[in-house]
Amino acid sequence: MKQTITKNEKAFKILNKLILNGFYDGSISPERFELTPTRFTNNYRLIGILNKENKFELKFAYKYPMNIASKVAIGVGILISIISMVKGNWLIPVFFFVIPFLITYIGFKIKERKEIDLFTSKYLEFYKTEYET
């Protein structure tokens, strides 16, 4: 299930407050927003892209240098794995590509869930304080 935020004036005000209060840095536009946490070790970004139902779908990705480095590392790992398998060595791909890739992927998914949950809790906290009746 993908997390979504409805596009309306309240959502834009809350996103602006998250940036102004120092929780995130980033940009907000009518079709998309991109936020990076202001905490230390912020190699990640949170992206909201407008879908057909007029809601922002939340996505999680690496920031600029890390996204290219991760793709290059995966490509090099696949290339080394193919060369090793052709030469008949089946242990090198397992130890130097498969296991590190799985550890990195699982860590990324855990961080993604944690960051999206943290963002939605902050978002709902601002929503409740701003628009309580």
Side-chain angles (χ1 to χ4, degrees):
M1 183 174 114
K2 291 193 175 192
Q3 295 274 353
T4 59
I5 296 175
T6 305
K7 179 186 173 186
N8 55 25
E9 286 298 317
K10 292 178 187 178
F12 285 117
K13 286 181 183 177
I14 293 171
L15 290 172
N16 278 326
K17 281 190 176 188
L18 286 171
I19 292 173
L20 290 175
N21 287 334
F23 294 110
Y24 293 96
D25 288 329
S27 62
I28 302 169
S29 69
E31 285 93 31
R32 158 187 190 111
F33 65 86
E34 204 170 303
L35 302 173
T36 56
T38 55
R39 299 181 306 277
F40 186 68
T41 66
N42 56 355
N43 292 329
Y44 304 98
R45 62 186 175 165
L46 192 64
I47 304 167
I49 299 174
L50 193 65
N51 63 10
K52 295 176 185 176
E53 297 153 359
N54 207 24
K55 293 183 178 184
F56 290 109
E57 287 183 6
L58 296 178
K59 295 184 180 182
F60 190 72
Y62 287 117
K63 280 175 43 176
Y64 165 64
M66 282 295 291
N67 64 355
I68 293 173
S70 65
K71 290 174 185 172
V72 168
I74 289 172
V76 168
I78 290 172
L79 184 65
I80 290 172
S81 298
I82 290 171
I83 292 170
S84 296
M85 285 188 231
V86 167
K87 290 187 174 189
N89 192 346
W90 293 86
L91 292 178
I92 288 177
V94 171
F95 288 124
F96 290 106
F97 179 68
V98 175
I99 293 173
F101 176 76
L102 288 176
I103 292 170
T104 304
Y105 181 75
I106 291 169
F108 180 80
K109 287 298 180 182
I110 290 171
K111 182 75 172 174
E112 174 183 28
R113 178 59 35 213
K114 180 182 168 187
E115 191 65 39
I116 288 178
D117 287 345
L118 183 65
F119 171 75
T120 54
S121 68
K122 287 285 182 195
Y123 181 86
L124 290 175
E125 180 182 318
F126 276 99
Y127 185 85
K128 287 178 184 177
T129 58
E130 184 73 23
Y131 298 104
E132 281 184 344
T133 56

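The residues of the chain are indexed from 1 along the displayed sequence.
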Residue pairs involving residues 62-85 (criterion ring-ring contact (aromatic ring centres under 6.0 Å, His included); sequence neighbours excluded)
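Residue pairs with at least one partner in residues 62-85: Y44-Y62, Y62-F108.
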How close do [X] and [Y] get, heavy atom to heavy atom, and via which atoms?
X	Y	value
F56	L50	CD2-N, 3.8 Å
L18	K122	CD2-CB, 3.9 Å
F101	I74	CE1-CD1, 3.8 Å
I5	F33	CD1-CZ, 4.3 Å
F95	I99	CD2-CD1, 4.1 Å
A11	N8	N-OD1, 2.8 Å

Test item: N51 side-chain N/O and E53 main-chain N/O as donor-acceptor pair under 3.5 Å
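Confirmed, N51 side chain pairs with E53 backbone.
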S81 backbone acceptor or donor facing S84 side chain under 3.5 Å:
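Not confirmed, S84 side chain does not pair with S81 backbone.
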Should we say atom CZ of F12 is surrounded by more than 12 heavy atoms from elsewhere, each under 6.0 Å from it?
yes
Got more than 12 heavy atoms from elsewhere within 6.0 Å of NZ, K63?
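For K63, atom NZ is crowded (more than 12 foreign heavy atoms under 6.0 Å).
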Assess the residue pair F60 and F119 against the criterion (side-chain contact (heavy atoms from CB on, under 4.5 Å)); give the C-alpha distance rounded to whole Å, side-chain angles, the decisive distance to 0.1 Å, and a yes or no.
CA-CA 11 Å; F60 190 72; F119 171 75; over 6 Å; no
Roughly how far, to the nearest 0.5 Å, is the NZ atom of K128 from the OH atom of Y123?
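It comes to 13.0 Å.
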OG1 on T120 to CD on E115, rounded to 0.5 Å:
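If I round to the nearest 0.5 Å, the distance is 10.0 Å.
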I80 and F97, any side-chain heavy atoms less than 4.5 Å apart
no
Please identify which of these residues, K52, K7, K2, meets the salt bridge (charged side-chain N to carboxylate O under 4.0 Å, His left out) condition with E57.
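Passing option: K2.
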Start with the C-alpha distance between T6 and N54, add both sets of side-chain angles, then the distance that settles side-chain contact (heavy atoms from CB on, under 4.5 Å), and finish with yes or no.
CA-CA 7 Å; T6 305; N54 207 24; over 6 Å; no
Salt bridge check, K17 against E125: does any charged N sit closer than 4.0 Å to a carboxylate O?
no
